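See structure below.
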Amino acid sequence: PDLTDRAAVANEMVTALMSSYGNQYPLFYIYIRENLSRVTGRRARWARHMRDLNRETVDLVIAIIEQGYADGTLRRVGPADVVAYGLFGIIGWTHRWFRPETSLVSAAEVGRTYAELLLGGITPP
């Protein structure tokens, strides 16, 4: 998509996040449930790296939302970080019900549905 169209970027981002969940299942499922701040020993370095990647991902999503607010392609519905954490919450809750091997819809379809749900609420009419 045209990077100036934040809604299209956000749509692709949500779909990609959910597709990644489906492609990496069950590893992503375990990762979502893991409290990385409690990982010690030999895995502590890996856990720090993963927390850094998490922070980068969250920061990028917040930046996309803020840019969309600034250029008017996204309707300001609240603080960008709250919207971003809401998005991650929607995707993260998927671990409670989505299993790629038994689902009637693909992870990408779930992602597109989430994107439509989220963007329908924040894009201007």
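The first residue of the sequence shown is numbered 1, and numbering continues consecutively from there. Note that this is a predicted model, so its numbers are computed, not measured.
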(message) Do Val110 and Trp97 make a side-chain contact, defined as non-hydrogen atoms from C-beta onward lying under 4.5 Å apart?
(response) yes
(request) Kindly say whether Ala16 contributes a backbone atom to a donor-acceptor pair with the side chain of Ser20 at under 3.5 angstrom? (result) no
(message) Using every non-hydrogen atom in the two residues, find where Val14 and Ala115 come nearest and quote the distance to one decimal.
(response) CG1-N, 3.6 Å
(request) Locate the shortest heavy-atom distance separating Val83 from Gly78; write the atom from each residue and the value. (result) CG2-O, 4.2 Å
(request) Indicate yes or no for a side-chain donor-acceptor contact from Arg76 to the backbone of Gly72 under 3.5 Å, with no hydrogens or angles considered. (result) no
(request) With sequence neighbours excluded, tell me which residues meet side-chain hydrogen bond (donor to acceptor under 3.5 Å, both in side chains) with Thr94. (result) Tyr114
(message) Are Tyr85 and Leu60 connected into the same hydrophobic cluster when the rule is that any two of I, L, V, M, F, W, Y join if their side-chain heavy atoms are below 4.5 Å apart?
(response) no
(message) Could you tell me if the side chain of Thr113 sits less than 4.5 Å from the side chain of Leu117, heavy atoms only?
(response) no
(message) Can you pull out every salt bridge (charged side-chain N to carboxylate O under 4.0 Å, His left out) where at least one residue sits in residues 52-69? Sequence neighbours excluded, please.
(response) Arg55-Asp59
(request) Quick one: closest heavy-atom pair of Leu17 and Leu87, and the distance? (result) CD1-CD2, 4.4 Å
(request) Would you name the heavy atoms of Ile62 and Ala84 that are closest together and state the gap between them? (result) CG1-CB, 3.6 Å
(request) Sequence neighbours left out, what passes side chain to side chain contact (heavy atoms under 4.5 Å, CB included) with Ser103? Give chain and number order. (result) Phe98, Val105
(request) Could you pull out the closest heavy-atom pair between Tyr69 and Val77, with the gap in Å? (result) OH-N, 3.4 Å
(request) Answer yes if Met13 and Val82 sit in the same cluster of Ile, Leu, Val, Met, Phe, Trp and Tyr residues linked by side chain heavy atoms under 4.5 Å apart, and no otherwise. (result) no
